[in-house]
Amino acid sequence: MTSFWSLRRTLLAAGGAAGTVYAFSTYSRSKSNKKHRVHVVAADTPAPVPGPLPMRAANLQALQETAEFDVLVIGGGATGCGVALDAVTRGLKTALVERDDFSAGTSSRSTKLIHGGVRYLQKAIMGLDKEQYNLVKEALHERANLLEIAPHLSGPLPIMLPVYRWWQLPYFWAGIKAYDLVAGSQCVKSSYLLTKSRALELFPMLKKDRLVGAIVYYDGQHNDARMNLAIALSAARHGAAVANHMEVKSLTKSTDDNGKEVISGAIMKDTLTGEEITVKAKCVINATGPFTDGVRQMDNAQIPNICQPSAGVHIILPDYYSPESMGLLDPSTSDGRVIFFLPWAGLTIAGTTDSPCDVTHNPTPTEKEIQFILNEIKNYLSPDVSVRRGDVLAAWSGIRPLVSDPNSKNTQSISRNHVIEVSPTNLVTIAGGKWTTYRSMASDTVDKAIDVCSLEPRHKECQTDGLMLEGGDAYTPTMFIRLVQDFGLENEVAQHLAHTYGDKAFEVAKLAQMTGKRWPVVGKRLVEDFPYLEAEVKYAAKEYACTAIDVIARRTRLAFQNVQAAETALPTIVKLLGQELGWSKQRCKEEEEAAKEFLYMEMGGKAHLDVRAQTTPDTNLPVADIERYTKRFNKVAGAKGFITHVDLGTIIQNLGIDVSDDQLHDMLEEVDTNRNGQVELDEFLQLMSSVRAGVMSTSRLDRIMKLAEIVEDPENPMKKSEDIKEGRVWY
């Protein structure tokens with residue numbers, strides 16, 4: 001009887017949800033049909049500048065020599081760059097400055113989704129909250145627009161919602177169908193139900209016990225940092241003076257014609273050279289995300305904060321944790337949060353957490369948050385999949401700039417709605433919101449700036465709905481084939497270039513060096529297991545990359561994909577970027593050290609080393625064997641605590657054995673289960689446990705380490721063996 005009433009309540013809720021959404025959507029359509037079109041052709045905007053982008057030096061010169069800008073935007077995240085693009089395409093003289101790099105903060109540290117927000121729709125329905133409904137409606141329009149204007153950087157992604165109780169099927173189905181209904185003609189693809197067997201076929205890693213079925217819905221996915229950069233580069237092409245690594249130190253004020261004190265510009269410092277300049281503007285817009293209150297308090301030191309920052313941690317796992325083209329949503333974690341588990345850039349991204357934090361320029365993921373995500377993943381994956389801490393290839397924390405609600409008890413209940421504030425001195429601040437809605441937030445902000453500061457744009461209406469972003473105009477899904485055929489690039493590399501640079505990929509390919517091989521003809525990789533080319537470092541300088549961190553984190557995504565791979569590529573990146581930017585040897589050394597610190601503190605390196613130092617490997621080996629194998633491992637690994645192919649090469653060279661580089665990498669990879677380019681103690685002990693248990697017959701890595709141990713021991717009788725001399729022991 002209890003189950004009957006539970007089912008009855010569920011069906012009533014489902015019916016109510018559908019009815020509520022229908023009523024909301026009907027009302028919304030009656031108010032405005034114009035606002036939510038799938039394809040919106042931008043109005044008459046100034047043509048983007050063809051050919052090379054203006055150099056950073058030219059933009060700095062424009063900042064110094066322009067008598068007065070109409071708009072000065074502070075902040076180079078998605079919202080700030082969106083404001084700059086909106087303003088310049090309306091015909092306003094526009095400047096943008098960013099303290100670090102474009103997308104250096106929250107905008108590069110997202111879940112990589114372009115979405116309307118399923119959980120916001122749930123709040124709208126359950127609470128009959130029209131504000132939340134409008135937020136979802138707006139985000140779904142912006143999702144469609146982003147998929148249209150940057151097709152090389154974005155695409156649809158199916159996301160599975162596994163169901164483990166029969167009564168949840170109609171409840172979740174109604175909610176997901178409501179999501180489709182709200183999207184209307186802008187629905188990416190229609191959601192659908194799956195049987196248990198079909199769900200396991202599409203997501204074989206899924207836990208099958210008690211699984212009754214699944215629901216699949218569609219959202220968008222993108223390369224967030226590259227998308228942010230595309231917006232900034234598009235603004236530059238349309239005539240905005242954009243400059244990264246320019247820190248605003250203070251705001252300037254003057255008296256207007258009515259005797260009112262108003263903001264009239266900013267004093268800023270080039271963090272690369274230390275030079276200070278003053279930039280004048282009729283309107284200053286604060287779009288600094290988590291640092292919103294810092295800029296507001298440059299205007300008025302006594303003003304209270306309006307932002308309540310929240311940290312969201314994500315981790316990267318190997319590709320075998322998820323199917324290539326199917327994500328997973330955990331709608332109710334152990335503490336009520338939502339976890340996404342998605343394929344991204346050939347790997348698997350999992351997150352996010354949501355906890356109050358302090359504002360910092362260098363957010364660090366904590367071990368507690370990483371373990372929370374790993375534990376939640378275990379609840380949904382098959383027992384055959386061993387979820388291991390060592391599989392975490394990278395981890396990061398991003399600070400969400402939530403608009404605080406005095407009635408809220410925790411940050412989860414805070415809406416992502418944006419707020420536009422105008423100070424008595426006309427400082428325009430845009431705060432809150434979400435990645436997906438950056439463009440509509442920018443539009444509202446420029447509308448307010450025009451009104452408050454009496455600006456006179458050539459186009460009063462927003463021009464960016466449907467405006468193609470850098471690289472998207474001539475992009476086609478088959479463009480990579482031309483790159484393969486015309487340049488002799490590998491298929492994987494060609495697809496990467498097309499999806500990263502769009503129609504600018506040919507410019508990158510022209511910079512690629514000959515490999516000296518029969519195939520591929522051109523395209524020297526930065527690191528073996530990733531499709532990034534050395535040519536991309538040279539091109540990064542044209543995209544305003546000024547530091548090694550700019551390259552590993554935002555021009556490429558190596559730092560977010562694999563910390564070890566990023567560190568391996570660093571010397572080459574520093575050398576190439578240094579040649580482009582004219583660095584001294586000392587500057588090259590400083591850049592490499594700064595990048596390693598970034599990987600250690602902000603990309604999960606520190607958390608990984610801390611937990612490794614505290615963890616006892618889980619093996620079935622006797623204590624005596626653990627001690628013996630640990631001693632063998634430490635002889636090769638040394639103080640750094642792990643073994644690389646360079647270490648193996650040194651041992652083999654000392655033994656006088658001829659082994660190719662490919663064989664060295666193969667030896668390492670058969671033990672390197674988390675594919676981070678190194679063998680750690682827990683991996684080596686697990687290997688030896690498997691060998692002893694008969695799960696593995698042998699290991700070349702163990703053989704070569706054992707051989708080195710024998711050779712170094714003068715008392716070992718095997719040292720004189722002909723097998724040792726010929727290297728046959730390890731083969």
Side-chain angles (χ1 to χ4, degrees), residues 109-113 115 118-119 157-165 168 172 194 196 199-200 202-211 214-217 219 221 311-355 365-398 412 560-563 603-604 607-608 611-612 615 617-618 673-676 680 682-683 686:
R109 304 173 190 232
S110 73
T111 312
K112 322 304 180 194
L113 284 177
H115 63 120
V118 173
R119 56 180 171 156
L157 177 70
I159 300 174
M160 182 182 292
L161 177 61
V163 181
Y164 289 90
R165 293 183 178 87
Q168 289 181 329
F172 288 142
L194 291 174
K196 175 180 178 178
L200 291 172
L202 292 176
F203 208 118
M205 308 84 174
L206 201 60
K207 182 176 72 175
K208 61 183 179 181
D209 293 346
R210 300 194 303 276
L211 181 69
I215 300 167
V216 174
Y217 74 98
D219 256 326
Q221 188 177 51
V313 169
H314 295 81
I315 63 174
I316 288 288
L317 297 164
D319 58 351
Y320 54 75
Y321 271 83
S322 67
E324 186 178 354
S325 57
M326 178 70 73
L328 185 75
L329 168 64
D330 177 357
S332 54
T333 61
S334 56
D335 67 351
R337 290 183 271 194
V338 172
I339 289 285
F340 285 99
F341 191 64
L342 312 168
W344 178 71
L347 297 163
T348 303
I349 183 173
T352 180
T353 60
D354 193 358
S355 53
T366 66
E367 185 58 29
K368 181 180 178 181
E369 291 167 311
I370 292 171
Q371 289 294 344
F372 168 80
I373 296 172
L374 290 174
N375 290 334
E376 291 302 325
I377 289 170
K378 291 177 184 176
N379 295 333
Y380 277 87
L381 294 185
S382 165
D384 294 337
V385 181
S386 177
V387 179
R388 303 176 302 184
R389 176 61 178 84
D391 286 344
V392 178
L393 306 178
W396 65 86
S397 177
Q412 290 98 307
F560 285 81
Q561 292 172 283
N562 189 311
V563 169
M603 290 291 111
H608 182 59
V611 75
R612 190 169 68 193
T615 302
D618 181 18
T673 53
N674 61 9
R675 296 295 184 266
N676 66 352
E680 293 141 353
D682 59 342
E683 291 175 318
Q686 287 168 1

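Counting from 1, the numbers follow the sequence of the chain as shown.
- Just one residue in the list L342, L157, L206, V216 forms a side chain to side chain contact (heavy atoms under 4.5 Å, CB included) with M326, and that residue is V216.
- Contacts of T352 classified as side chain to side chain donor-acceptor pair (under 3.5 Å), with partners at least two apart in sequence or in another chain: R400.
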*Between V563 and L393, does a side chain to side chain contact (heavy atoms under 4.5 Å, CB included) hold up when you go through it step by step?*
CA-CA 6 Å; V563 169; L393 306 178; over 6 Å; no
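- Taking OG from S355 and CZ from F372, the interatomic distance works out to 10.0 Å, rounded to the nearest 0.5 Å.
- Evaluation of the side-chain contact (heavy atoms from CB on, under 4.5 Å) rule for K208 yields K196, L200 as partners, not counting sequence neighbours.
- Judged by distance alone, with hydrogens and angles left aside, the side-chain atoms of Q221 form a donor-acceptor pair with the main-chain N or O of P343 at under 3.5 Å.
- Residues satisfying the side-chain contact (heavy atoms from CB on, under 4.5 Å) criterion with A350, sequence neighbours excluded, are I315, F341, I373, I377.
- Here the side chains of L211 and P162 are in contact, with some heavy-atom distance below 4.5 Å.
- In this structure, T353 has no side chain to side chain donor-acceptor pair (under 3.5 Å) partners at least two apart in sequence or on a different chain.
- Side-chain contact between L202 and L194 is present, with at least one heavy-atom pair separated by less than 4.5 Å.
- Of the possible donor and acceptor atoms, one in the side chain of E683 sits under 3.5 Å from a partner among the backbone N and O of E680.
- One distance of note links CD1 of I215 with CD1 of I159; it measures 13.0 Å at 0.5 Å rounding.
- Remark: H314 pairs with T111 by the side chain to side chain donor-acceptor pair (under 3.5 Å) rule, at least two apart or across chains.
- Minimum interatomic distance between A199 and A214 (heavy atoms only, all atoms of both residues): CB-CB, 3.9 Å.
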*Can you list the steps and then say if Y321 with V387 is a side chain to side chain contact (heavy atoms under 4.5 Å, CB included)?*
CA-CA 9 Å; Y321 271 83; V387 179; 4.1 Å; yes
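- One finds the CD1 atom of I349 at 4.5 Å from the CD1 atom of I316 (value rounded to the nearest 0.5 Å).
- Between V118 and Y217 the shortest side-chain heavy-atom distance falls below 4.5 Å.
- Using a 4.5 Å heavy-atom cutoff, the side chains of D354 and V338 are not in contact.
- Put simply, the side chain of K207 gets close to the backbone of N379: a donor and an acceptor are under 3.5 Å apart.
- Atom-to-atom distance recorded for I339:CD1 and N375:CG is 10.5 Å, nearest 0.5 angstrom.
- Contact record, T348 with S322: OG1-OG, 2.9 Å, taken as the closest heavy-atom pair.
- Every residue two or more places apart in sequence or in another chain was checked for a ring pair (Phe, Tyr, Trp, His ring centres under 6.0 Å) with F203, and none qualifies.
- Remark: E376 CD to D330 CG distance equals 6.0 Å, nearest 0.5 Å.
- Annotation: cation-pi geometry satisfied between K112 and F560 (NZ/CZ under 6.0 angstrom from ring centroid, within 45° of ring axis).
- When all heavy atoms of P365 and S397 are compared, the closest pair comes out as N-CB, 3.9 Å.
- In this structure, the side chains of L374 and R389 come closer than 4.5 Å at one or more pairs of heavy atoms.
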_side chain to side chain contact (heavy atoms under 4.5 Å, CB included) between F340 and L328, intermediate numbers included_ = CA-CA 6 Å; F340 285 99; L328 185 75; over 6 Å; no
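- Side-chain atoms of W396 come within 3.5 Å of backbone N or O of R109 as a donor-acceptor pair.
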